[in-house]
Amino acid sequence: MGGTPLSGEVTVRGAKNLVPKAMVAALLGSTPSTLRNVPDVVDVDIVSGLLKLHGVTVERTDGKLVMDPGAVDHAEPTAINVHAGSSRIPILMCGPLIHRLGSAFIPDLGGCKIGDRPIDFHLDALRQMGAKVRKETDGLYIDAPGGLRGTKIELSFPSVGATEQVLMSAVLAEGTTELRNAAVEPEIIDLICILQKMGAQITVHSNRVVRIEGVDSLTGFDHRALTDRLEAASWACAALATKGDITVIGAEQEPMMTFLNTYRKVGGRFDVNDGGDGSAKSIRFWHPGGPLNAIAIETDVAPGFQTDWQQPMVVALTQAEGLSIVHETVYENRLGFTEALNQMGARIQVYRECLGGSTCRFGQRNFQHSAVISGPAHLRGAELVIPDLRGGFSYLIAALAAEGESTLHGLELIYRGYENFLDKLTALNAKYDEL
Ligand code: EPZ
């Protein structure tokens, strides 16, 4: 039931876009690894299962994983296929498995339907490092009989996944790898910290150049995953959309800096507690009352406005006075969720043109990747089918901001990246029934 301001406290733990990669990095270690601040989300379950399929023991107590890769072995492709489901993580297991076993298998990948989600950058990088890729009906078989060799790789786009692919393939490769046009998201830097703890030699230069000197072996790691800045921002947008007041325990200012600037421009208020007084770090987000400001947003790779912040922010912008513009430059098809918002009474028009900023890769290619949002719009409850992880959370926010009752189908997509979100909604006085 919508119309009730969300107010109270929620705790956000480790980043959904770092923790699964850290788990894969454990395969590279010759001794066990410990990962802390681990959220209870489906993506962690999936990767735990994939590691166990490959002979890794995984012990899980609340918030902590201990992974022992002492007996890493091949797994049946069918079992990987079944277990990976829609997860894209198997592509990142290539480098570590090739180093341990000489080969790897990747099933046809899933993941959120927000664009084509190709893996050409990944396969090109592996081939340049000496791997051979064979396409079969059930997926890709990759092997490197002579091992992987360091080389110069330049990405045509600063892809997060491809950067992770190169990092986890180069750390044990023969010789040095120079990666140009690398992604530098906070989750990437956290993964580099993990690899450094394991004994890797990685230098991050300015201008997106990363150099990795291959070493002979790596130990396990003990690491506290950085907090999920994407979940924190989602709750911040919920506070704006419902005229509420939400304190996110665990949120940190630095990785959210660009989001905080935009939040303030829209008219949201925030207060950072950096834990200096010994209390837990947190950021309080609230709607100060009065109108919200329409703004122009262009998503970008780090340190720009993260594409995963876009969908929750669009819901908040339906409540802003005037015309807001969103130009999505990272994914070609990440505005489809706005159709359902229009059925609820929002007034959002999507365009093929690059609106509100520079031209991007999608400009002349028939992708509806810009939106104009006219507000404030009175949202009414509706029946909604969740399309993807962030779109799903955005529907949740819209339903809580709308007048009357909404029904959401496909909540399991939200469980992939938002830990215990129904308990958190209860803690924030949301009115809902789980059917
Ligand atoms: C990661 O996806 C995140 N997912 C995404 O978060 C995030 O939006 C994205 O990085 C960008 O920050 C995880 O970390 C699990 P990319 P990833 O490779 O690595 C194109 C969420 O909601 N591309 O940086 O798959 C691609 O199509 C999710 O938490 C190629 O063309 O993203 C896209 O247009 C959604 N070829 C662009 O690059 C490739 O081989 C960025 O993709 C790889 C990518």
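Just follow the structure's listing: the first ligand is 1, and inside any ligand the first atom is 1. Since the model is a prediction, treat every value here as computed from it, not as a measurement. Just the heavy atoms: all of them, side chains too, but no hydrogens, waters or symmetry mates, feed the values below.
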Taking 4.0 angstrom as the limit and counting only heavy atoms of Val330, give me the atoms of ligand 1 inside it, by number and element. 33 (C), 34 (O), 37 (C), 41 (C)
Arg347 side-chain N/O to Thr318 backbone N/O, donor-acceptor pair under 3.5 Å: no
Looking only at non-hydrogen atoms, the one of Pro20, Gly161, Gly417 nearest atom 19 (O) of ligand 1 is Gly161
Show me which atoms of ligand 1 lie under 4.0 Å from any heavy atom of Thr307. 8 (O)
With a cut-off of 4.0 Å, which atoms of ligand 1 are near a heavy atom of Phe157? 37 (C), 38 (O), 41 (C)
Flag the pair Leu341 / Tyr395 as yes when at least one side-chain heavy-atom distance between them is below 4.5 Å, and no otherwise. yes
State, yes or no, whether a side-chain contact exists between Val44 and Met23 at a heavy-atom distance under 4.5 Å. yes
Does a donor on one side chain and an acceptor on the other come within less than 3.5 Å for Ser358 and Glu298? yes
Proximal atoms of ligand 1 relative to Asp308 (non-hydrogen, under 4.0 Å): 5 (C), 6 (O), 7 (C), 8 (O), 21 (C), 22 (O), 28 (C), 29 (O), 35 (C)
Check ligand 1 against Arg390 and write out every atom of the ligand that is under 4.0 Å from a heavy-atom position of the residue. 21 (C), 22 (O), 29 (O)
Does the structure place the NZ or CZ of Arg229 under 6.0 Å from the centre of the six-membered ring of Phe259, at an angle of no more than 45° from the ring's axis? no
Which atoms of ligand 1 sit under 4.0 Å from any heavy atom of His122? 40 (O)
Looking only at the side chains, is there a donor atom on one of His327 and His369 sitting less than 3.5 Å from an acceptor on the other? yes
Applying side chain to side chain donor-acceptor pair (under 3.5 Å) between His223 and each of Asp190, Asn37, Thr34, report the one that passes. Asp190
In terms of its nearest heavy atom to atom 26 (C) of ligand 1, the top option of Phe393, Tyr331, Trp309, Phe121 is Tyr331
Whether Arg334 lies under 4.0 Å from ligand 1, heavy atom: yes
Of all residues at least two apart in sequence or in a different chain, which pass the ring pair (Phe, Tyr, Trp, His ring centres under 6.0 Å) check with Tyr415? Phe421
For ligand 1, which is the ligand I care about here, please tell me if Phe362 has any N or O atom under 3.5 Å from one of the ligand's N or O atoms. no
Number the atoms of ligand 1 from 1 as they appear, then name those within less than 4.0 Å of a heavy atom of Lys16, with their elements. 21 (C), 28 (C), 29 (O)
With a cutoff of 4.0 Å, is Pro118 in contact with ligand 1, counting heavy atoms of the residue only? yes
Close approach, Lys21 and ligand 1, non-hydrogen under 4.0 angstrom: yes
Between Glu164 and ligand 1, which part of the residue brings a heavy atom under 4.0 Å of the ligand: side chain, backbone, both or neither? neither
Taking salt bridge (Lys or Arg N to Asp or Glu O under 4.0 Å) as the test, write out the residues that go with Arg352, two or more places apart. none
Do Ile386 and Phe393 touch side chain to side chain, with heavy atoms closer than 4.5 Å? no
Touching ligand 1 at all, Arg361? Heavy atoms, strictly under 4.0 Å? yes
